[in-house]
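Below is one structure, written out as structure tokens; comments come after it.
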Amino acid sequence: MDGFKYFLGEVTRALRELMAAGALPQGLDLSRVGVEPPRDPSHGDLSTNAAMVLAKPAGKKPIEIATALVERLAQHPEVTEAVIAGPGFINLRIADRFWQARLGDILSAGVDYGASTMGAGEAVNVEYVSANPTGPLHLAHARGAVVGDALASLLDKVGYKVTREYYINDAGGQVDVLARSAYLRYGEALGETIDAIPEGLYPGDYLKAVGVALAARDGKKWLGKPESEWLAPIRKFAIDEMMKLIREDLAALGIHQDVFSSERALVDSGGVERAVGALQERGLIYIGVLEPPKGKTPDDWEPRPQTLFRASQFGDDVDRPLKKSDGSWTYFANDIANHYDKYRRGFATMIDIWGADHGGYIKRMTAAVTAITGGKGALDVKICQLVKLLRDGQQVKMSKRAGTFVTLAEVVEEVGRDVVRFIMLTRKNDAPLDFDLVKVQEQSRDNPVFYVQYAHARAHSVLRHAAAEYPGIGLDAESLAKASVQRLTDSGELGLIRLMAGWPRLIESAAEAHEPHRIAFYLYDLAAAFHGLWNKGKDEASLRFLMPDDTALTAARLAMVRAFAFVIAAGLDIFGVKPVEEMR
RNA sequence: GCGCCCGUAGCUCAGCGGAUAGAGCAACCGCCUUCUAAGCGGUAGGUCGCAGGUUCAAUUCCUGCCGGGCGCGCCA
């Protein structure tokens, strides 16, 4: 049970009763009524804004409504105190037994605790990474990868039917460059000498293997042939190799996407014509001339009539071109086709994870989705800011040219997949992130990965000790659920339990906001509460989890410890991080 | 020039329109030589960039400034 949701229901019920009794006008909109924990715990366990929110529509003073509401709520068997405070808040104190009973919920749900039906099985498409298939992933890609993957898990947890998608940009000029770079390495593999990689081609060593593999497959058949003959086949070969590489990088992070869609396949199958046609039918395409961008006119700017999409009707600043001067489609046109295709595959809700450098394209893309779906589809774009890589406080300079380019694989190799995943989620997606290769491996309180993992390991350590010292206590969740949890009365214990009771609420709000990072902060707070209890037990022996003379109390505390481990594990599970049971 | 993001304690950052704005680190003051496992407790530190507006209520929403980052037909 979500205790907060339960009491919101109780408050709503009381308000309906007041309406029925004529104390409040009929048909009030109760959607803005909320129940939440007060910021200051001394105000009670729960707080509702009902009286303040309803004062105006009901035409009554907040105090009047609050007084009537308090009278009803005070009768609830689990409410031990209901008082009016401040400008009209109603603060409720809830019986300890109500919170203690939540341990039973957690123990019976295990790591599924917090799962909900909020999404009602609605299909959601989360597209992330979608890097050009021209090389290995680097650290910036990792952030988008982790954020997208965690967000997908989060939405899955609250009942959406999630598809994880990678859109392969295999149709533009960059993959032609890849093909030419691979051709060069192919020649090299067959004994040709390369002095320097010509300007404009990819210099990376990772292409040497591609050249070797291509030579092994095709022998010398492309040597001395014109580009028009080898470009397409070598391009395909190189893209496939790059996607293998990228999938390996993603797998190293524990990321496995459901769908890899190809831009080229979409274009070849007429997807762009289909999408542009759909816009045309809605009268949203026209031929016109754009003004040059103010303050930054390109040198070769010339006013020219072009095919434009009426993006400005849907919140964008100007209308956007769909065709390049050579008559081919712009990337934007292709991307409209991509999103239209997703919509036609049954996704009304789409989420894209993009790098910060694409921020300028959000408006036009969301505009296009709204336009082409007639308002039935919606796109939410999450931008991932840059990751600054540090080593013990010193910035690691990255330059492709200087060969000091740090790949995702190298970072995973050095610090581990779980650390990368967790750290990437310790900041809001649109805030820059410092990633310090040394600090993330420190064993201290200011390293959140360690702190959270350690709490989980500590909980399991307690359970292991218990197994050795209290053979009479069943340590499985089912047995622990029968423990005398009413004996957990210390403020620290009840605080920890209340915090755990807030997990379902936290997870729903994080899912609603598409903000998985909130879970990281929650886990840190939860771990802090647990470590705090532990330390309290150091000073006061009566608060230790394992009480030699009191098996019943020990069982109750073990129930709490077990539940705690479940909640941490549930959170880490969404992050794709493996909870450790022992520190080494 | 325009658009988007950001501006909260010395530092790094939390904070679904709610009450006296929080955490970690650093600083200062104590405690712990012990056991359940990498220390613990406390103090201090703020005009939430500035100015308006909406609201019963604004750090939160809107507008305008200031400061920082990113982007700005024919790259993807």
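What's counted below: heavy atoms across the whole structure, side chains too, no hydrogens, waters or symmetry copies. The sequence lines fix the lettering, A, B, ..., with proteins before strands; numbering per chain opens at 1.
Using the six-membered ring where Trp is involved, A:Tyr524 and A:Tyr451 have ring planes that are tilted, between 30° and 60° apart.
The partner of B:C25, taking Watson-Crick or G-U wobble pairs whose two distances both stay under 3.5 Å, is B:G10. Figure legend. B:G71 is base-paired to B:C2; pairs are counted as Watson-Crick or G-U wobble with both atom distances under 3.5 Å. Across all strands shown, B:G45 forms no Watson-Crick or G-U wobble pair with both key distances under 3.5 Å. Look at B:A58: it lacks any Watson-Crick or wobble partner with both distances under 3.5 angstrom. Using N1 to N3 plus N6-O4 or O6-N4 for Watson-Crick, or N1-O2 and O6-N3 for G-U wobble, each under 3.5 Å, B:U63 pairs with B:A51. With a cut-off of 3.5 Å on both pairing distances, B:U20 has no Watson-Crick or G-U wobble partner at all. Pairing partner, B:C32: none, since no Watson-Crick or wobble contact has both distances short of 3.5 Å.
B:A19 and B:G7: their C1' atoms are spaced 26 Å apart (whole Å). Rounded to whole Å, the P atom of B:A21 lies 16 Å from the corresponding atom of B:G10. Comparing B:A58 with B:G3, their P atoms sit 28 Å apart, to the nearest whole Å. Rounded to a whole angstrom, the distance from the C1' atom of B:A38 to that of B:G42 is 22 Å. Remark: the separation of the C1' atoms in B:G15 and B:A23 is 10 Å, to the nearest Å. Here, B:U59 and B:G53 have their P atoms 14 Å apart, quoted to the whole Å. Spacing between B:U55 and B:C62 at atom C1', rounded to whole Å, works out to 12 Å. As rounded to the nearest Å, B:A14 and B:C31 have C1' atoms that lie 30 Å from one another.
Candidate nucleotides B:G18, B:C40, B:G24 were compared by shortest atom distance to the side chain of A:Tyr524, and B:G24 ranks first. Distance from the side chain of A:Asn535 is smallest to B:C40 among B:A38, B:C40, B:C72. Of the candidate nucleotides B:G15, B:G73, B:C35, B:G15 has the atom lying nearest to any side-chain atom of A:Glu515. With B:C35, B:C5, B:C13 as the candidates, the nucleotide lying closest to the side chain of A:Asp430 is B:C5. Taking the side chain of A:Val462 as heavy atoms from C-beta on, and the options B:U36, B:C74, B:C75, the nearest nucleotide is B:U36. Nearest to the side-chain atoms of A:Lys538 among the listed nucleotides B:A38, B:C5, B:U36 stands B:A38.
No side-chain donor-acceptor contact under 3.5 Å links A:Asp316 to the backbone of A:Lys363.
The phosphate of B:C16 has neither OP1 nor OP2 within less than 4.0 Å of any side-chain N or O from A:Lys428. OP1 or OP2 of B:C4 sits under 4.0 Å from a side-chain N or O of A:Lys363.
Taking 4.5 Å as the limit, some side-chain heavy atom of A:Leu137 sits within range of a side-chain heavy atom of A:Val129. Side-chain contact between A:Val70 and A:Val83 is absent, with no heavy-atom pair separated by less than 4.5 Å. Residues A:Gln313 and A:Leu284 are in side-chain contact: their nearest non-hydrogen atoms beyond the backbone lie under 4.5 Å apart. Two residues are said to be in side-chain contact when any heavy atoms from C-beta on lie closer than 4.5 Å; A:Asp434 and A:Asp436 fail this criterion.
Side-chain atoms of A:His514 and A:Asp380 include a donor-acceptor pair closer than 3.5 Å. Counting only N and O atoms by type, the side chains of A:Thr134 and A:Asn132 include no donor and acceptor under 3.5 Å apart. Donor-acceptor pairing under 3.5 Å is recorded for the side chains of A:Glu508 and A:Ser116. There is a side-chain donor-acceptor pair under 3.5 Å between A:Glu127 and A:Ser130.
Nucleic acid contact for A:Pro448: none, since no nucleic acid atom lies under 4.0 Å from a heavy atom of the residue. A:Lys323 comes within contact range of no nucleotide atom at all, as no heavy-atom separation falls under 4.0 Å. Using a 4.0 Å heavy-atom criterion, one finds that A:Arg505 contacts the bases of the nucleic acid, with or without backbone contacts as well. A:Arg427 comes within contact range of the sugar-phosphate backbone alone, with a heavy-atom separation under 4.0 Å but no base atom that close. Residue A:Asn91 is classed as a base contact, given a heavy-atom separation below 4.0 Å to a base. Among the protein residues, A:Arg458 comes within range of the sugar-phosphate backbone only, with heavy atoms under 4.0 Å from sugar or phosphate atoms but none that close to a base. If you check every strand for non-hydrogen atoms under 4.0 Å, A:Gly34 touches nothing. As judged by a 4.0 angstrom heavy-atom cut-off over every strand, A:Arg364 is placed among residues making no nucleic acid contact. A:His358 comes within 4.0 angstrom of a nucleotide base, judged by non-hydrogen atoms across all strands. A:Ser461 comes within 4.0 angstrom of a base, heavy atoms only. At the heavy-atom level, A:Tyr331 lies under 4.0 Å from base atoms of the strands shown. Residue A:Ala85 is classed as a base contact, given a heavy-atom separation below 4.0 Å to a base. Within 4.0 Å of A:Gly359, counting heavy atoms only, lies no atom of the nucleic acid at all. Nucleic acid contact for A:Gln306: base, since at least one base atom lies under 4.0 Å from a heavy atom of the residue.
Using a 4.0 Å cut-off between a side-chain N of Lys or Arg and a carboxylate O of Asp or Glu, A:Arg235 and A:Asp240 do not qualify as a salt bridge. With respect to A:Lys439 and A:Asp392, no salt bridge is recorded, no charged nitrogen being found less than 4.0 Å from a carboxylate O. The residues A:Glu515 and A:Arg518 are annotated as salt-bridged, a charged nitrogen and a carboxylate oxygen being separated by less than 4.0 angstrom.
Aromatic stacking of A:Phe89 on B:A19: satisfied, with centres closer than 5.5 Å and planes within an angle under 30 degrees.
Along RNA chain B, the nucleotide closest to A:Phe332 and the one closest to A:His517 are compared, and the more 5′ of them pairs with A:His517. Taking for each of A:Ser325 and A:Ser444 the nucleotide of RNA chain B with the nearest heavy atom, the 5'-most of the two is the partner of A:Ser444.
No hydrogens or angles were tested; on distance alone, a donor-acceptor pair under 3.5 Å links the side chain of A:Tyr361 to the base of B:C75.
Only A:Lys56, listed by number, bring a heavy atom of residues 56-68 of chain A to less than 4.0 angstrom from any atom of RNA chain B. For the segment residues 38-51 of chain A, the set of residues with a heavy atom within less than 4.0 Å of an atom of RNA chain B comprises A:Pro38, A:Arg39, A:His43, A:Ser47, A:Asn49, in numerical order.
As a whole-Å value, the separation of A:Glu442 CD from B:C25 P is 12 Å.
With values rounded to the nearest 0.5 angstrom, A:Met350 atom CE is found 9.0 Å from A:Asn338 atom CG.
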